[in-house]
Protein chains: 2
Amino acid sequence: MSTHAVTKSKPSVKARRAKAKKQRRTKAEQRADSSEQILDSAEYLFSKRGLYGVTMRDVAKHVGIHETLVKYYFQNKENLFEAVFARRANVTVSRRMLALEEYERQAGDKPTVEGALHAFLDTDLDLYYYGGEGWMNYAAFGARASNTPEGAAIMDILFDPVVLKLIGILKRALPTHPEENIFWGYHFVTSALMNTLGRTGRIDRLSGGLCHSDDFPAVKKLIARFMAGGFKAIGR
Amino acid sequence: MSTHAVTKSKPSVKARRAKAKKQRRTKAEQRADSSEQILDSAEYLFSKRGLYGVTMRDVAKHVGIHETLVKYYFQNKENLFEAVFARRANVTVSRRMLALEEYERQAGDKPTVEGALHAFLDTDLDLYYYGGEGWMNYAAFGARASNTPEGAAIMDILFDPVVLKLIGILKRALPTHPEENIFWGYHFVTSALMNTLGRTGRIDRLSGGLCHSDDFPAVKKLIARFMAGGFKAIGR
DNA sequence: ATTATCTATAGATCTATAGATAATGC
DNA sequence: ATTATCTATAGATCTATAGATAATGC
């Protein structure tokens, strides 16, 4: 801006960018690519600092693109937040839905709480744990959002189908349980799942290093069994 | 500022303030009072929008004092946040500590998981539910903070003593359980408690109005029993 | 011709600081 | 004399918008 020397250095930046990114991509590809990169960075940043702790500018910087592009693609921050939430929601919902349906078929008219919970919980824990860094970020993102008013409202829309499917099976597995108890039981289950996905490190410090926040396999070994035991204990 | 008419109206504001607030208070009283009011408003606002969703100015406006006073009393936002956390922490910790000690005495050498959990959980739920609006706000404040890195780190410092006390009793009640399982069990317990304290309204909508987020008595009737059933199920 | 990306800039908001005013404290 | 409260203001940061530039698309 100040000297023409600076101005002259610009082409090289653009050349780099062209070499690194373009290589004969269609506009549709470019758009998809930029959009995904923005979502990846937003997911990561929101997982660390929540909706209000991240600015559009933060996201742009993290991606390495110009500030105004984030707005160009997502209009405003709430929109971006919802887009992050929605992007992976279908995958987890349909995976769990399939697992529950598969379990129903296999269990016939004798579904158990533990069986249903294994299908519901293990499937999800595996997805996050073995799905790569992005999925791990999404887990923390969702967990952090889950106990905020804004986040919970979005979860209603995105996750209710699979949750109601689970609850349907639980009701058949526990026909004499009061209905409220089943809902409260689910409330305890999802609390444990969400707090696990959050990986705050608190359990690591509390246990003196015996347990690790990011050891989802360890949680997977216990959570369905634990929760099934819980449901068993609240029959009236 | 612009006309002297505006300037002249000032005394009446001050007169109102003087009438409403002062009435012969010492400076120490004034300081304590302002400080408490700021903490009350910050607690409420942080519970709704988290650390990053609230500005010092928001807090000042909510209290109805001048913007700079919040900084005058608490220096910066992180400090204010920690002060909110700390203000009520001792009350809940010492109440639960007493309840656990009382339970230990009464149970002698045969403590049960459910007994310990009743002491730990019911005591706290009662405090929030019957302690008035401020305590209910604190509950939501702590819940929201609990699955963030910043919040979890503060909870380590404030709540570890009573948590470790509980875990000590659980270990004695479950001498053959692997130690990790007890820590993971506690992780599930605190998840359920925190998510309950958050009162996001999700369970209300999910259950079609059958359950209510702010119905802590309903949770109290189930949570200790549920969790005790869970511990029982993860003996190996 | 359309659209992905960038430049420049205005306005709003937030934090931080220096210093004034008006109480309480001895 | 000390301190609670307020005034005024500077600088940083964030959002929002208009419009330029440089690609891809027919």
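Treat the numbers as computed from the prediction; the structure is a model and nothing was measured.
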Heavy atoms from C-beta onward define the side chain here; which of [options] lies closest to that of [X]?
{"X": "B:Y72", "options": "C:dC6, D:dT3, D:dT15", "value": "D:dT3"}
{"X": "A:H66", "options": "D:dC14, C:dT13, C:dC6", "value": "C:dC6"}
{"X": "A:K77", "options": "C:dA4, C:dT13, D:dT15", "value": "D:dT15"}
{"X": "B:E67", "options": "C:dC14, C:dT15, D:dC6", "value": "C:dT15"}
{"X": "B:T68", "options": "D:dT7, C:dC14, D:dT15", "value": "D:dT7"}

Could you check if a side-chain atom of [X] sits within less than 4.5 angstrom of a side-chain atom of [Y], using non-hydrogen atoms only?
{"X": "B:V162", "Y": "B:L100", "value": "yes"}
{"X": "B:M155", "Y": "A:T200", "value": "no"}
{"X": "A:H187", "Y": "B:F226", "value": "no"}
{"X": "B:L80", "Y": "B:L39", "value": "yes"}

Distance check needed: [N] [atom2] versus [X] [atom1], whole Å only.
{"X": "B:Y52", "N": "C:dT13", "atom1": "OH", "atom2": "C1'", "result": "19 Å"}
{"X": "A:E36", "N": "C:dA4", "atom1": "CD", "atom2": "C1'", "result": "16 Å"}
{"X": "A:R57", "N": "D:dC14", "atom1": "CZ", "atom2": "P", "result": "5 Å"}
{"X": "B:M56", "N": "C:dA16", "atom1": "CE", "atom2": "P", "result": "7 Å"}
{"X": "B:E29", "N": "D:dT5", "atom1": "CD", "atom2": "C1'", "result": "17 Å"}
{"X": "B:I38", "N": "D:dC6", "atom1": "CD1", "atom2": "P", "result": "11 Å"}
{"X": "B:F74", "N": "C:dC14", "atom1": "CZ", "atom2": "C1'", "result": "19 Å"}
{"X": "A:L69", "N": "C:dT7", "atom1": "CG", "atom2": "P", "result": "10 Å"}

Exercise for the section: Verify whether one side chain among A:Y128 and A:D124 offers a donor that lies under 3.5 Å from an acceptor in the other. Expected result: yes
Check whether any side-chain nitrogen or oxygen of [X] sits under 4.0 Å from OP1 or OP2 of [N], and answer yes or no.
{"X": "A:S34", "N": "C:dT5", "answer": "yes"}
{"X": "B:Q30", "N": "D:dT5", "answer": "yes"}
{"X": "B:Y73", "N": "D:dT5", "answer": "yes"}

Problem - salt_bridge(B:R199, B:D204) N-O dist < 4.0 Å - result: no
Handout entry: Electrostatic pair B:E150-B:R144, nearest N-O below 4.0 angstrom
Key = no
Problem - A:F141 ring center within less than 6.0 Å of A:F85 ring center - result: yes
Problem - Comparing B:K71 and B:A28 on DNA chain C - which has the more 5′ nearest nucleotide - result: B:K71
Problem - Pair assignment for DNA chain D - dot-bracket with | for other-strand partners, Watson-Crick or G-U under 3.5 Å - result: ||||||||||||||||||||||||..
Handout entry: Donor-acceptor contact below 3.5 Å, side chain A:N147 vs main chain B:N195
Key = no
Exercise for the section: Would you mind telling me which of B:Y138, B:F81, B:Y52 makes a ring pair (Phe, Tyr, Trp, His ring centres under 6.0 Å) with B:F46? Expected result: B:F81
Exercise for the section: Please list residues of residues 78-85 of chain A whose heavy atoms come under 4.0 Å from any atom in DNA chain D, ordered by number; otherwise none. Expected result: none
